[in-house]
> 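Next up is a structure, given as structure tokens.
Atoms within each ligand, like the ligands themselves, are counted from 1 in listed order. Numbering starts at 1 and runs along the sequence shown.
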Amino acid sequence: MRWSERQRAMLREMGVPPFWPEVSADAVEDAAPVAAAPSAAADVPVAQPAPVLKAVAQERVAAPVVPKRPVEAKPVVASSAVAELGARPAGIEQMDWPALREAVAGCQACGLCQSRSQTVFGVGHPQADWMIVGEAPGEQEDKMGEPFVGRAGQLLDRMLHAVGLTRAEAPADKQVFIANVLKCRPPANRNPLPQEVAQCEPYLLRQMALVQPKVMVAMGRFAVQSLLKSTEPIGRLRGRVHHVQGIPVVVTYHPAYLLRNPADKALAWDDLCLAREVLQQRT
Ligand code: URA
């Protein structure tokens with residue numbers, strides 16, 4: 001099977017070079033390198049100012065939306081502060097959406113609260129069919145209070161667009177919900193520490209339980225390891241459907257990795273197609 005015109009149009013949308021060889025999806029899959037995506041958010045260069053996205057969460061079940069405003073960045077604190085752990089709010093597992101949002105906003109369960117400008121809860125439809133999970137806010141996200149607004153986010157938006165999805169306001173089958181493993185930016189975009197991931201995990205799990213997406217896409221090593229509790233490389237975990245809390249999860253490369261390795265966009269395209277198939281089977 002060769003790429004159809006529609007598939008090629010979608011790959012173009014994702015920025016796959018037009019000279020990409022016309023091979024079947026199967027052949028591309030077979031040729032897939034078995035490699036872990038490197039830490040993603042950590043080295044996302046932000047070349048342009050973040051776009052002001054009109055896609056503030058469509059809060060069907062939540063308090064009125066407060067428009068996101070850039071906040072002055074606080075100076076990055078010494079890394080010795082990073083491992084300090086505080087108490088997490090009690091009862092996260094029972095919280096509704098507004099309570100969860102508030103708990104995240106006030107969280108002081110790890111040292112990242114000292115260096116963040118603000119928490120980054122997530123964006124999109126609170127009952128979205130699709131939930132996307134990334135790693136952690138970077139500099140732009142910390143400023144804007146919204147996930148994936150830097151260069152990696154622009155690629156993510158193009159990838160979503162290629163499968164008919166958006167973060168902008170739309171019905172639940174078109175508007176995704178995007179969240180990160182960490183709700184606070186690690187200083188200097190370093191990798192999340194295991195204890196930070198552990199402290200933040202209940203927030204993500206509660207987001208999943210409340211959104212109840214029909215399919216999730218875990219992007220990059222940290223999202224995959226945190227959700228699947230696996231240290232297998234992405235290359236070995238992608239291409240099949242996993243389950244977390246009963247929700248089907250498809251694994252793919254982080255957009256920041258894809259910016260550095262554009263040839264692998266075709267694999268990410270396969271992964272999005274797999275997620276779409278899962279969803280079609282569930283509806
Ligand atoms: N990378 C991520 O994983 N998440 C963001 O929000 C931004 C960059």
Side-chain angles (χ1 to χ4, degrees), residues 14-15 36-53 55-57 68 70-71 73 76 101 104-105 107 112 115-124 128 130-160 165-168 176-194 196-197 200-201 203-204 207-208 211 216-228 234 238 249-261 264-265 268 271-272:
M14 287 168 67
S39 169
D43 47 8
V44 183
V46 178
Q48 300 156 23
V52 179
L53 295 156
V56 183
K68 302 271 178 348
V71 215
V76 169
R101 184 184 278 280
V104 167
C107 184
L112 296 184
S115 54
R116 72 182 180 219
S117 302
Q118 59 187 313
T119 56
V120 179
F121 182 75
V123 71
W130 291 68
M131 183 164 168
I132 312 292
V133 180
E135 178 181 321
E139 186 183 6
Q140 295 299 309
E141 291 77 19
D142 175 73
K143 248 187 218 148
M144 303 300 291
E146 179 164 329
F148 282 104
V149 293
R151 266 191 73 211
Q154 290 161 19
L155 175 58
L156 174 61
D157 285 337
R158 290 202 300 277
M159 293 165 69
L160 294 175
L165 299 170
T166 176
R167 72 168 79 197
V176 299
F177 186 79
I178 307 174
N180 280 315
V181 171
L182 292 191
K183 310 303 186 207
C184 299
R185 179 194 181 201
N189 294 347
R190 64 155 171 73
N191 285 343
L193 299 176
E196 291 162 354
V197 173
C200 231
E201 187 175 45
Y203 297 128
L204 180 61
Q207 285 178 312
M208 289 163 56
V211 175
M216 288 180 58
V217 181
M219 297 189 136
R221 179 157 65 99
F222 286 93
V224 168
Q225 288 184 353
S226 159
L227 285 169
L228 302 188
I234 292 185
R238 56 176 294 281
V249 178
V250 169
V251 162
T252 196
Y253 298 104
H254 193 282
Y257 166 85
L258 296 174
L259 287 172
R260 297 189 300 268
N261 300 274
D264 283 350
K265 286 178 183 175
D271 299 332
L272 289 183

> If the contact criterion is a heavy-atom separation under 4.0 Å, does Glu146 count as touching ligand 1?
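Under 4.0 Å: no for Glu146.
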
> Just to be sure I read this right, does ligand 1 sit under 4.0 Å from the backbone of Pro147, its side chain, both, or neither, counting only heavy atoms?
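The answer is both.
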
> Mark yes or no for whether Arg167, through its side chain, and Phe148, through its backbone, hold a donor-acceptor pair below 3.5 Å.
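Looks like yes, one N/O pair under 3.5 Å.
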
> Please determine if Phe148 has a nitrogen or oxygen closer than 3.5 Å to a nitrogen or oxygen of ligand 1.
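Among all N and O atoms of Phe148, at least one is under 3.5 Å from an N or O of ligand 1.
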
> What distance do Met216 atom CE and Phe177 atom CZ have between them, rounded to the nearest 0.5 Å?
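It comes to 10.5 Å.
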
> Between ligand 1 and His254, is the shortest N or O to N or O distance under 3.5 Å?
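Yes: some nitrogen or oxygen of His254 is under 3.5 Å from one in ligand 1.
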
> Give the atom numbers and elements of ligand 1 that come within less than 4.0 Å of a heavy atom of Gly134.
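Heavy-atom distances to Gly134 below 4.0 Å select 3 (O).
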
> Which residues pass the side-chain hydrogen bond (donor to acceptor under 3.5 Å, both in side chains) test with Gln225, not counting sequence neighbours?
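Applying side-chain hydrogen bond (donor to acceptor under 3.5 Å, both in side chains) to Gln225 gives none.
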
> What closest approach, in Å, do Glu135 and Asn180 show between heavy atoms, and which atom pair accounts for it?
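Scanning both residues completely, I find the closest heavy atoms to be N-OD1, 3.2 Å.
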
> What are the two closest heavy atoms between Tyr203 and Lys183, and how far apart are they?
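For Tyr203 versus Lys183, the nearest heavy atoms are CB-CE, 4.0 Å.
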
> Closest by any non-hydrogen atom to atom 3 (O) of ligand 1: pick that one out of Lys183, Glu139, Glu135.
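It is Glu135 whose heavy atom sits nearest to atom 3 (O) of ligand 1.
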
> Tell me, please, which residues at least two apart from Ser226 pass side chain to side chain contact (heavy atoms under 4.5 Å, CB included).
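Side chain to side chain contact (heavy atoms under 4.5 Å, CB included) check on Ser226 returns Val181, Val197, Glu201.
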
> Which residue from Ala256, Ala136, Ala179, Pro255 reaches closest to atom 8 (C) of ligand 1 through any of its heavy atoms?
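Going through Ala256, Ala136, Ala179, Pro255 one by one, Ala136 has the nearest heavy atom to atom 8 (C) of ligand 1.
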
